[in-house]
Undergrad: 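One structure is given below, represented as structure tokens, and several questions about it will come after.
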Amino acid sequence: MLIQQDLSLQEKLRILTDAAKYDVACTSSGVARKGKAGMVGNTAESGICHSFAADGRCISLLKILFTNQCIYDCRYCINRSSNDTLRTAFTPDEVCRLTMEFYRRNYIEGLFLSSGILYSADYTMELIYQTVYSLRNEHHFNGYIHIKAIPGAEEELIERIGFLADRMSVNLELPTAQGLKSLAPGKTRDKILKPMRQIQRGIFSQQKLLEELSGERKRLYGGARAGFTGGASLFRPDKASAVLLEGRASEELSPNRSFYAPASLQREQRFVPAGQSTQMIVGATQENDYQMIKVTEALYQSYGLKRVFFSAFVRVNEDSLLPALPGGPPLLREHRLYQADWLLRFYGFQADELLTEDKPDFNVFLDPKCDWALRHLELFPVEVNRAEYQTLLRVPGIGVKSAGRIVAARRNGPLDFSALKKLGVVLKRAVYFITCSGRMEQGTRLDQDFITSCLIGDERRKNWDISHQDSYRQLSLFHDMKLEEEPTREDKVSAVFGNM
């Protein structure tokens with residue numbers, strides 16, 4: 001496909017924003033940077049993107065592809081090389097102009113820049129580097145920037161961009177090497193993991209270097225060059241092992257790895273301060289939920305990722321190797337994976353606690369935390385006035401904030417159920433698993449069948465909402481989220497004439 005050079009900036013924006021909508025791996029910035037004199041913008045920890053921040057704000061960012069041209073023919077991708085579609089590309093100046101003009105109009109709070117591969121990975125990353133360098137140093141843009149690192153690009157390019165961007169991400173795409181081989185033949189697991197490992201090392205190395213500089217415990221190596229290329233080693237980390245995703249081999253951090261950037265830049269600017277993230281497609285291949293969540297856990301433990309994003313597979317291409325999905329994208333499955341991801345990151349759960357090889361998929365009707373609790377009723381009920389913080393986190397309906405509030409509030413006296421509700425506990429789930437001063441709520445009992453029947457009604461409504469999020473209809477007297485049987489004609493007549 002040839003790049004269309006005669007398109008207006010508005011036409012390019014329409015094409016390249018539409019092409020970027022399937023990439024979900026962007027979220028709150030995770031970094032705070034105040035405004036500076038002579039610069040435009042700032043970054044708030046509460047978040048950047050089309051999402052809701054922790055403080056409830058709806059936030060936005062300019063989310064575009066640099067180009068929708070690509071040398072790969074990934075079967076699931078709308079931008080695959082064999083698709084007959086209009087191709088175009090921005091120039092670095094055009095991306096800078098769009099970002100600054102949108103920011104000045106208060107449309108956005110930052111930039112999320114991904115890209116197909118134009119000619120080669122190095123060529124494309126060089127253009128992206130020119131873009132972010134110009135934004136930071138010529139346009140003095142101090143806002144949030146999230147850049148997608150392209151597998152196969154030179155390490156020096158990735159490192160240069162890492163000192164300019166707030167967050168970087170490398171999409172894993174599919175959880176297994178076999179899945180990549182079948183649907184993305186041009187990509188390999190090693191090629192994807194290499195820049196991910198480089199970003200992890202860069203963050204780790206700079207953290208150690210800054211610790212040494214601030215503590216004045218050690219003099220730096222002399223003779224570092226002032227430019228980006230070459231240079232003597234500024235920091236040589238100790239050897240450390242990291243388990244690969246397959247869990248069969250280990251790799252050592254190279255003792256000879258050095259930053260290309262000079263020490264002066266490393267002191268003044270952090271390397272990928274908001275960390276890195278990745279994305280996996282859900283439902284394009286045959287992996288089960290257990291495999292997905294095990295890979296997610298390995299990424300957090302071995303690569304230090306901030307977030308793993310899940311994207312329900314959307315069939316945008318006709319291909320015999322792609323699943324048909326007659327029910328549409330697996331949105332409920334995506335939702336369950338996000339719930340499990342939250343449990344891994346904030347609630348102290350491990351993947352093997354949530355699923356096993358014998359039970360490889362999440363419960364359709366119950367969220368992972370409720371499902372786990374029902375399978376471990378021997379651990380309940382939990383006495384909220386005495387339980388430790390980590391124990392409270394395992395109770396359905398009690399979150400990170402509410403658990404902290406419980407620990408603080410009970411110092412002033414025992415808590416009852418009404419007090420728990422005021423502290424933010426979701427009692428319609430928690431009430432079956434807790435006691436207050438040794439007593440359960442009246443009308444409840446610690447019985448698996450009883451609790452399941454009580455919880456499943458609310459969950460079915462949520463599941464319907466998730467699976468039909470694009471459906472809008474006027475509810476009538478006889479509709480209950482399509483969960484009840486359709487009323488008979490006699491019932492309707494009786495209702496009309498008031499004979500109930």
Side-chain angles (χ1 to χ4, degrees), residues 25-37 39-49 51 53-55 59 61-63 99 103 108-114 125 128-129 131-137 139-150 153 155-171 195-215 228 234-235 237 253 257-279 299-300 303-309 345:
C26 53
T27 183
S28 58
S29 65
V31 63
R33 184 170 55 250
K34 296 182 179 180
K36 294 181 180 179
M39 301 194 78
V40 177
N42 58 50
T43 297
E45 282 184 317
S46 54
I48 305 293
C49 193
S51 183
D55 60 3
I59 50 182
L61 96 169
L62 179 61
K63 181 180 178 181
T99 304
Y103 190 90
I108 63 169
E109 297 182 64
L111 171 68
F112 176 89
L113 184 59
S114 184
M125 285 299 284
I128 291 175
Y129 170 70
T131 302
V132 291
Y133 182 87
S134 180
L135 272 172
R136 292 298 196 205
N137 296 285
H139 296 272
H140 307 292
F141 181 69
N142 197 41
Y144 177 74
I145 297 179
H146 182 156
I147 297 295
K148 277 298 179 67
I150 298 177
E155 291 187 3
E156 184 178 347
L157 284 170
I158 292 174
E159 186 170 290
R160 290 186 185 189
I161 293 174
F163 281 104
L164 298 170
D166 293 292
R167 172 167 288 183
M168 296 185 73
S169 54
V170 187
N171 280 357
M196 196 179 291
R197 177 68 74 201
Q198 180 193 350
I199 295 170
Q200 179 203 21
R201 288 170 174 166
I203 295 172
F204 170 77
S205 296
Q206 193 198 37
Q207 288 174 345
K208 297 294 290 184
L209 176 61
L210 293 177
E211 288 175 5
E212 292 178 0
L213 289 172
S214 62
F228 279 106
L234 298 176
F235 172 70
L253 296 178
R257 177 72 180 97
S258 64
F259 274 124
Y260 296 104
S264 58
L265 177 60
Q266 295 180 52
R267 293 189 191 97
E268 297 170 2
Q269 227 164 315
R270 292 180 61 193
F271 182 81
V272 194
Q276 63 171 325
S277 58
T278 192
Q279 171 181 297
L299 288 169
Y300 287 132
Y303 289 82
L305 266 66
K306 289 291 187 181
R307 282 293 303 272
V308 174
F309 291 87
R345 290 189 295 130

Undergrad: If I take atom CG from residue L135 and atom CG from residue L164, how far apart are they, to the nearest 0.5 angstrom?
TA: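 Spacing of CG (L135) from CG (L164) equals 9.5 Å.
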
Undergrad: If you measure from CG on L157 to CD1 on I150, what distance do you get to the nearest 0.5 Å?
TA: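 So the gap between those two atoms works out to 10.0 Å.
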
Undergrad: Can you check whether S169 reaches Q279 side chain to side chain, under 4.5 Å on heavy atoms?
TA: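 No, too far: nothing below the 4.5 Å cut-off.
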
Undergrad: Can you confirm whether F271 sits close enough to Q207 that some side-chain heavy atom of one is under 4.5 Å from a side-chain heavy atom of the other?
TA: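 The answer is no, as the side chains (C-beta and beyond) never meet within the 4.5 Å cut-off.
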
Undergrad: Can you check whether M196's main-chain N or O pairs, donor with acceptor, with Q276's side chain at less than 3.5 Å?
TA: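 At least one qualifying donor-acceptor pair exists.
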
Undergrad: Which atom names give the shortest non-hydrogen contact between Y103 and I108, and what distance separates them?
TA: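 Scanning both residues, the minimum pair turns out to be CD1-O, 3.5 Å.
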
Undergrad: Measuring from I145:CD1 to I128:CD1, what's the distance to the nearest 0.5 Å?
TA: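 Result: 11.5 Å between the selected atoms.
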
Undergrad: What distance separates T131 OG1 from H139 NE2, expressed to the nearest 0.5 Å?
TA: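 Nearest 0.5 Å value for the OG1-NE2 distance: 9.5 Å.
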
Undergrad: Looking at every heavy atom in both A165 and I147, which two are closest together, and how far apart are they?
TA: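 Scanning both residues completely, I find the closest heavy atoms to be CB-CG1, 3.9 Å.
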
Undergrad: Specify the closest pair of heavy atoms between A149 and M125, including all atoms of both residues, with the distance to one decimal.
TA: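 Scanning both residues completely, I find the closest heavy atoms to be CA-CE, 4.1 Å.
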
Undergrad: Compare all side-chain heavy atoms of P195 with those of M168 and state whether any distance is below 4.5 angstrom.
TA: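 With C-beta onward as the side chain, the pair stays apart.
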
Undergrad: Considering non-hydrogen atoms only, spot the tightest contact between Y300 and V308 and give its length.
TA: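 For Y300 versus V308, the nearest heavy atoms are OH-N, 3.0 Å.
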
Undergrad: Looking only at side chains, do Q200 and R197 share a donor and an acceptor under 3.5 Å apart?
TA: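 Per modelled atom types, Q200 and R197 side chains form a pair under 3.5 Å.
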
Undergrad: To the nearest 0.5 Å, tell me how far L305 CG sits from I199 CD1.
TA: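 It comes to 8.5 Å.
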
Undergrad: Give me the atom names and distance for the closest heavy-atom approach of Q198 to E155.
TA: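 That would be NE2-O, 2.8 Å.
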
Undergrad: Would you mind reporting whether Y129 and E156 have side-chain heavy atoms less than 4.5 Å apart?
TA: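 Of all side-chain heavy-atom pairs linking Y129 with E156, none is under 4.5 Å.
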
Undergrad: Distance from K306 atom NZ to R345 atom CZ, nearest 0.5 Å?
TA: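 It is 10.0 Å, given to the nearest 0.5 Å.
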
Undergrad: Using atom types as modelled and distance alone, determine if a side-chain donor or acceptor of R136 lies under 3.5 Å from a backbone N or O of F141.
TA: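 Yes, R136 side chain to F141 backbone: donor-acceptor pair under 3.5 Å.
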
Undergrad: For G275 and R167, which heavy atoms make the closest approach, and how far apart are they?
TA: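 Closest pair (atom of G275, atom of R167, distance): O-CG, 3.1 Å.
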
Undergrad: Under a 3.5 Å distance rule, please check whether D166 uses its side chain to pair with a backbone N or O of H146 as donor and acceptor.
TA: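 A pair under 3.5 Å: no.
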
